[in-house]
Amino acid sequence: MAAKIAARMNRMAPSGIRKVNEKALAMERAGERVLHFEIGRPDFDTPEYIKRAAEQALADGKVHYTSNFGLMELRQAIADKLKRENNVDYTASEVLVTVGLSEAVFAVLATILEEGDEILVPDPVWLNYINVPNLLGAKAVTYGLTEETGFQMNLEEVKAKITPKTRAIVIITPNNPTGGVLSEDVLKELAEIAVSNDLMVISDEVYERLVYDGAKHISIASLPGMKERTFTMNGMSKAYAMDGWRLGYVAAPEEYILAMNKFHQHNTTCAPNFVQVAAIAALNEEGDEVKEMVKEYQRRRDYAVKAINEIPGLHCECPKGAFYIFINCKSLNMKSADLSAYLLEEAKIALVPGDVFGPGGEGYLRMSFANSYENVVEGCAQLKKAVALLQQKP
C-alpha cells in the first residue's frame, strides 16, 4: 500500500543538523571515532542540585499531570527571573511552560499566523522559524545577517520588507548559527519599527546567559512599548545543560497565553511534573554553575577562533554569544554541504553546512564548541590537515 502523506508535509524540510548527526552516529556504530561539533547541546552534565530536586520530586510522587499552563510555582519563578535578570515585569499568568523551546515556537506561530500572513525571519536562521510558518500556510520573508556587519540586522532592509501582510519579526539573540548578539542601538531602533508598524516581535533568548567579552544581552520586551507586543521565549536547555529534560517557556500578554494554551493542551498536555520541579530549583538555587560553564566555553572559543583563522582558506568572526563559530569557507570554492561531507568522511569531524540555515549560510560551516577543550584542539588540527589536503587536489 502506498503511503498517503498530507501535502503540507512537503512544505517542511528535514533537519540538516540531524542529517549530519545521524551520519556521524552511523560511523561510530561502525567503529569509527568521530569528533562531534554539529549538535547544539551543552556537553556538561546537568548541575547536581537540579538533579537532586528531580530525584526528590520523583520520591515525593510528582509523576502526574500538572496544570496545562505549568506549575504555578514554576510560572512565578520564571516571572521573577524575567524581572530580576531581564527587567521585564511579567506576572505568573503571563507565562506558559512548554515541552522545550521548540514547542513554544510552534505554539506562538500557530497562535498569530493566518494563511497568507508574512513573518520576517533572519537568514541564516534556525530552520524551525522557516518550517513552521510554511506548514501553517504563512510566508517566511528573510532579512540578512552578514559577516561584514558582525551579524547585526540591517534595519533598512527590514523596513523595506514590511508589507501589509507582515505580522511579526523574529529575532534570535544571541544567535544560532552565527553567535552574534544584537546591540542595544539595533534593538531600540527595531522596537520603534515594531511599534510604528504595529508588529509583534518573537524574541528567542535561549542563549542569553552564554555571552562573552562583556557583551550584554538585552530583552527587547524591556524597551518602551514592547512588552505588550513581544513573545519572550527561553528554556532550560542551554544555560542549565538541561537539553534532554525538554523544558521551555514563553512570556507574553495573558490573552496570547490563553490562546497558546489551547494549542499546548492538544499537543503535549503539560511538561513532566518532576522536570518542572527541577526547573524551579534551577532558577531559584543557582550558584556558580552557569558562570563556570561560560568560562569554559570562552576558553574553547578563544582557542578555536585563533586556530581557524590560522588555516589558509578559512576565517571566522569571534562570536559574542552562544556556542557556535560560523566559519567562512567560501575561498575553497566548494558547496558547504559537500565540504561538510568531505570533512566527516576524511577528517572524522562533524560540522553543519551553513546552507542548512538558509541561503545566507552557503559558504559557511557551523562549529559547535560545546565539546571538550581537548576535542576542540584535536578537531581544529584535523580541520587544518583536511583543508590542506583538499587544496592540494588538482
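These numbers come from a predicted model, not from an experiment.
A donor-acceptor contact closer than 3.5 angstrom links the side chains of Tyr240 and Glu286. Donor-acceptor pairing under 3.5 Å is recorded for the side chains of Tyr129 and Asp204. With 3.5 Å as the limit, one finds no donor-acceptor pair spanning the side chains of Ser222 and Ser219.
Ion pair Asp213/Lys320 flagged as a salt bridge, since at least one NZ, NE, NH1 or NH2 atom sits closer than 4.0 Å to an Asp/Glu carboxylate oxygen. In summary, Asp89 and Lys227 do not engage in a salt bridge, as defined by a charged side-chain N under 4.0 Å from a carboxylate O. Salt-bridge annotation for Arg300 and Glu296: present, with a side-chain N of the basic residue lying under 4.0 Å from a carboxylate O of the acidic one. The pair Lys216-Glu208 does not meet the salt-bridge criterion, since no charged nitrogen lies less than 4.0 angstrom from a carboxylate oxygen. The pair Lys306-Glu310 counts as a salt bridge, with a side-chain nitrogen and a carboxylate oxygen less than 4.0 angstrom apart.
The local environment of NZ in Lys161 is crowded, with over 12 non-hydrogen atoms from other residues, nucleotides or ligands closer than 6.0 Å. Within 6.0 Å of NZ on Lys330 lie more than 12 heavy atoms contributed by other residues, nucleotides or ligands. Remark: Lys348 NZ is packed, more than 12 non-hydrogen atoms of other residues, nucleotides or ligands lying under 6.0 Å away. Sparse packing is recorded around CD of Glu114, with 12 or fewer heavy atoms of other residues, nucleotides or ligands lying under 6.0 Å away. Other residues, nucleotides and ligands contribute over 12 non-hydrogen atoms within 6.0 Å of the NZ atom of Lys81. For Lys51, the NZ atom counts as densely surrounded, since its 6.0 Å shell holds more than 12 non-hydrogen atoms of other residues, nucleotides or ligands. Atom CD of Glu255 has more than 12 neighbouring heavy atoms from other residues, nucleotides or ligands inside a 6.0 Å radius.
Although no hydrogens or angles enter the test, the distance criterion places a donor-acceptor pair under 3.5 Å between the side chain of Thr230 and the main chain of Met226. Looking at Arg301, its side chain does come within 3.5 Å of a backbone N or O of Pro319 through a donor-acceptor pair. Of the possible donor and acceptor atoms, none in the side chain of Thr173 sits under 3.5 Å from a partner among the backbone N and O of Asn175. For the pair Asp117 (side chain) and Leu113 (backbone), a donor-acceptor distance under 3.5 Å is absent. Side-chain N or O atoms of Asp355 include none that pairs as donor or acceptor with a backbone N or O of Gly358 at under 3.5 Å. Tyr49 contributes a side-chain N or O that, together with a main-chain N or O of Ala282, makes up a donor-acceptor pair within less than 3.5 Å.
Phe106 has its side chain within reach of Leu135: a pair of non-hydrogen atoms, C-beta onward, lies under 4.5 Å apart. For the pair Leu365 and Leu339, the minimum side-chain heavy-atom distance is below 4.5 Å. No side-chain heavy atom of Val201 sits under 4.5 Å from any side-chain heavy atom of Arg229. With contacts defined as side-chain heavy-atom distances shorter than 4.5 Å, the pair Leu383/Met367 does not qualify. Inter-residue side-chain proximity for His264 and Asn261 is flagged as met; some heavy-atom pair is nearer than 4.5 Å. Using a 4.5 Å heavy-atom cutoff, the side chains of Val141 and Val121 are not in contact. Within the 4.5 Å cutoff, the side chain of Ile39 has no heavy atoms near those of the Ser368 side chain. Side-chain contact between Glu189 and Lys159 is present, with at least one heavy-atom pair separated by less than 4.5 Å.
For Phe37 and Phe323, the ring centers are positioned 6.0 Å apart or more. Ring pair Phe369/Tyr324: centre-to-centre distance not below 6.0 Å.
For the side-chain contact (heavy atoms from CB on, under 4.5 Å) with Glu205, the lone residue among Ile218, Thr232, Leu101 that qualifies is Thr232. Of the residues Thr146, Val181, Leu182, Leu145, the one that meets the side-chain contact (heavy atoms from CB on, under 4.5 Å) test with Phe151 is Leu145.
Ring-plane geometry between Tyr364 and Phe326 is classed as parallel, the angle between the planes falling under 30 degrees on a 0 to 90 degree scale with a further cut at 60.
Judged by the 6.0 Å and 45° rule, Arg366 forms no cation-pi pair with Phe357.
Under the ring pair (Phe, Tyr, Trp, His ring centres under 6.0 Å) criterion, Tyr256 pairs with Phe231, sequence neighbours left out.
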